Amino acid sequence: MGRWAIAVHGGAGIDPKLPLERQEKAKHLLARCVNLGASALRTNNLSALDVVELVVRELETDPVFNSGQGSVLTEKGTVEMEASIMDGLKRRFGAVSGLSTVKNPISLARLVMEKSPHSYLAFSGAEEFARQQGVEMMENEYFITQDNVGMLKQAKEANAILFDYRIPTTGLENCCAVEADNPTMMNGLPMSVYAPETVGCVVVDKEGRCAAATSTGGLINKMVGRIGDSPIIGSGTYACKLCAISCTGEGEAILRGTLARDVAAVMEYKDLRLQEAVNFVIKERLDDGGKAGLIAVSNNGEVAYGFNTNGMFRGSATEDGFTEIGIWE
Amino acid sequence: MGWAIALHGGAGDIPLDLPADKRQARENALKHCLDIGVSPLKLGRSPLDVVELVVRELENHPLFNAGLGSVLTADGSVEMEACIMDGNTKKCGAVSGLKTVVNAISLARLLMEKTPHIYLAFEGAEAFAREQGVETQEPSHFITPANVERLKQAKEANRVQLDYTQSIEKEVKVETHEVSGDSQLGTVGCVAVDGDGNLATATSTGGVVNKMAGRIGDTPIVGAGTYANTYCAVSATGIGEAIIRGTIARDVAALMEYKGVSLKEAADYVVKNGAPEGTFGLIAVSATGEIAMPFNTTGMFRACASQDGSSEIAIH
């Protein structure tokens, strides 16, 4: 018998001026989710796959983080959610994008994996599948919080920044003045306007099975139809026999770096240990100053995280009694 | 060292007794597309331009499953997807769920160059296409009679035909001249490197016959169907779900990067271990101009050429 471990995140890249009250709220939710998962692993003997789904559902249902209810808004003021789940044992996976009415995208992703002939469904086809499967659906308004309406307005006011961000990267990336002048930029937005992108959970159960799940509302003020890293196997989410990983941060940087797969790949191909692999990936695989964070567990019950942002909402617990809830470094 | 280029038109259970006329038509198309890529490479065009150019040509060819000639979804429509990636910058663009865009690969490139996003899908991608003024056609333009027939047969067989794996007519005992022999179910792709070691890759597809509306495969997934960095450029084809799970394209590059193996060793390892026998093939070029085109299916429509004068066009 192996040792179980669990880690959760609620996004990386946090406004240093985030009111204490909101920090406390976030910590409470993280603690509740870690405990939910830990007790399922300890007492109910649920599989890693069941536990990551359970925990991410909880994170989606609570409006504190950007997924499910509380998702950030597209440029049109709508919600488009996406999620993916992966079972390390057989590397089976399910992914969904462009959901506007499904209450728990992560559970639909699991249904795609188990009940459809495919692994990844998006937009109206995914909504149609959701209706067929009879999952709980809500009006789009349910997902929209007042906070996010306000955030979208601010993001639109800062719009020029969003679109100037990637385009002139040539010439700028070697210019340290930019970094110094904008110490709290993320995804081209001032941190005060930026909402962390994602929630996620990784678990290894007593039998050494690893699983990962990630869910998000995406990037604030995103173009309609934009897909980020969360539903992409190998980028936002990955699990195999060795480990499970869930990422968060600047989606485009995570995609280019195939961040989640690379944690597993350096363990597999370079024999790095979990925390070494996480450190390596955060240091070496985020190009052009890309900002991201990730959580990971290995099949022998280790838990690890890493981020190069100014914070990541995170929590973890292991069978030997270790627990941690954190926001800053 | 030197330039090199490889392209594919899908991998799968291509019958060994593919009729001579069908074989010839496909070989001619492969040759034509290879020439389209070789000339600009010789003239020093960037590999990124070259892979886009070649994939546009493959998309425009009705014999391959991408662009015109894309296979149909369960509701009889076309949903195309594509991805392009530049090895030096690792910049990339991907699109899914296109119904009217003539060249999905060029829209992927525009997304990469004109927006802060990497991946756009369905209505949002169509809206972006209109905004950029790329060539579009009525959705019916992309539907060929052969693909209408394929969908009919797939529906009669009541299954999603995931690959060439079984020729459907055997199961339903319908002999249809139009469709027998090659289910046209792969993907198209091109990888190229120039004499300076700049690499690029592009992949485009109509997906799988009788797929559910909204299904996304490996083609637009960076690291699965498509990947390039400073070591190599890779384009994969076959059963999408297996390719995603095996992060096939990234793994070829990761093996070179992390284990220091050659392109051939990396590609052979991935084809042997990345996904089960009979599921996929890939094409790859390295920064030094090596070429690899391994597959674990019966065949893969493929072609390649390099500066040293070698050239190959093959199916099995």
Side-chain angles (χ1 to χ4, degrees), chain A residues 74 80 86 90-93 95-98 112 116-129 162-167 169-170 187-188 219 222-229 231-235 238 240 251-252 255-258 260-262 264-266 268-270 272 287-288, chain B residues 73-75 79 85 89-92 94-97 111 113-128 159-160 162 207-208 210-218 220-224 227 229 240-242 244-251 253-255 257-259 261 275:
Chain A
T74 67
E80 285 182 0
M86 189 163 189
K90 293 182 179 164
R91 287 190 302 176
R92 291 187 312 157
F93 71 97
V96 287
S97 281
V112 169
S116 88
H118 305 310
S119 297
Y120 188 1
L121 290 177
F123 291 86
S124 52
E127 292 274 332
E128 175 61 33
F129 178 70
L162 175 65
F163 283 91
D164 285 351
Y165 175 68
R166 290 288 175 198
I167 309 303
T169 42
T170 37
N187 259 312
L219 176 62
K222 65 183 177 182
M223 289 165 75
V224 168
R226 179 259 190 183
I227 292 178
D229 63 296
I232 306 299
I233 294 304
S235 292
Y238 187 76
C240 58
E252 279 70 11
L255 280 165
R256 274 199 306 275
T258 54
R261 168 59 190 151
D262 268 53
V266 292
E268 203 172 327
Y269 300 142
K270 283 175 88 87
L272 296 193
D287 54 358
D288 276 0
Chain B
T73 66
D75 56 21
E79 287 182 1
M85 188 162 187
T89 58
K90 285 199 279 171
K91 284 179 82 169
C92 46
V95 287
S96 281
L111 184 70
E113 289 178 348
K114 310 266 173 166
T115 80
H117 300 323
I118 283 179
Y119 191 2
L120 267 188
F122 292 85
E123 282 86 358
E126 288 281 342
F128 177 67
R159 64 185 175 91
V160 181
L162 282 176
V208 297
N210 201 20
K211 66 179 178 184
M212 290 166 70
R215 179 261 188 185
I216 291 178
D218 62 295
I221 307 298
V222 172
Y227 188 79
N229 64 5
E241 286 71 10
I244 296 177
R245 164 178 315 155
T247 52
I248 294 302
R250 169 61 191 148
D251 262 45
L255 279 161
E257 203 171 332
Y258 297 143
K259 282 208 152 255
V261 301

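In what follows, chains are A, B, ... by sequence order, proteins preceding strands, each numbered from 1. Given the structure is predicted, the values throughout are model-derived calculations rather than measurements. Only this structure's heavy atoms are used, side chains among them; waters, hydrogens and symmetry mates stay out.
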To the nearest 0.5 angstrom, please state how far the [atom1] atom of [X] sits from the [atom2] atom of [Y].
| X | Y | atom1 | atom2 | value |
| --- | --- | --- | --- | --- |
| B:R245 | A:R92 | CZ | CZ | 8.5 Å |
| A:T258 | B:D251 | OG1 | CG | 8.5 Å |
| B:T247 | A:Y238 | OG1 | OH | 4.5 Å |
| A:R256 | B:N229 | CZ | CG | 13.0 Å |
| B:E241 | A:S116 | CD | OG | 7.5 Å |
| A:M223 | B:L120 | CE | CG | 4.5 Å |

Between [options], the one whose heavy-atom pairs under 4.5 Å with chain B are most numerous:
| options | value |
| --- | --- |
| A:I232, A:V266, A:D262 | A:D262 |
| A:G234, A:A122, A:G98 | A:A122 |
| A:V112, A:V96, A:I233 | A:I233 |

### Task
Quick one: do B:H117 and A:L219 satisfy side chain to side chain contact (heavy atoms under 4.5 Å, CB included)? Show the steps, please.
CA-CA 10 Å; B:H117 300 323; A:L219 176 62; 3.6 Å; yes
### Query
Is the gap between the ring centers of A:F123 and B:F122 under 6.0 Å?
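Here the rings of B:F122 and A:F123 have centres that are less than 6.0 Å from each other.
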### Message
Given heavy-atom pairs under 4.5 angstrom as the criterion, report whether the side chain, backbone, both or neither of B:T73 touches chain A.
### Response
neither
### Query
Which bit of B:A121 comes within less than 4.5 Å of chain A, counting heavy atoms only: side chain, backbone, both or neither?
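Both backbone and side chain of B:A121 come within 4.5 Å of chain A.
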### Query
Just wondering, do A:V224 and B:E123 contact through their side chains at under 4.5 Å, heavy atoms?
no
### Query
Heavy-atom distance under 4.5 Å between the side chains of A:E252 and B:P116, does that happen here?
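Of all side-chain heavy-atom pairs linking B:P116 with A:E252, none is under 4.5 Å.
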### Task
Under 4.5 Å heavy-atom distance to chain B, tell me which part of A:L255 shows up: side chain, backbone, both or neither.
both
### Query
Relative to chain B, which segment of A:R261 carries a heavy atom at a distance below 4.5 Å: side chain, backbone, both, or neither?
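The side chain, not the backbone.
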#### Entry: Partner chain A: residue of B:V95, B:V222, B:I244 with the largest heavy-atom pair count (under 4.5 Å)
B:I244
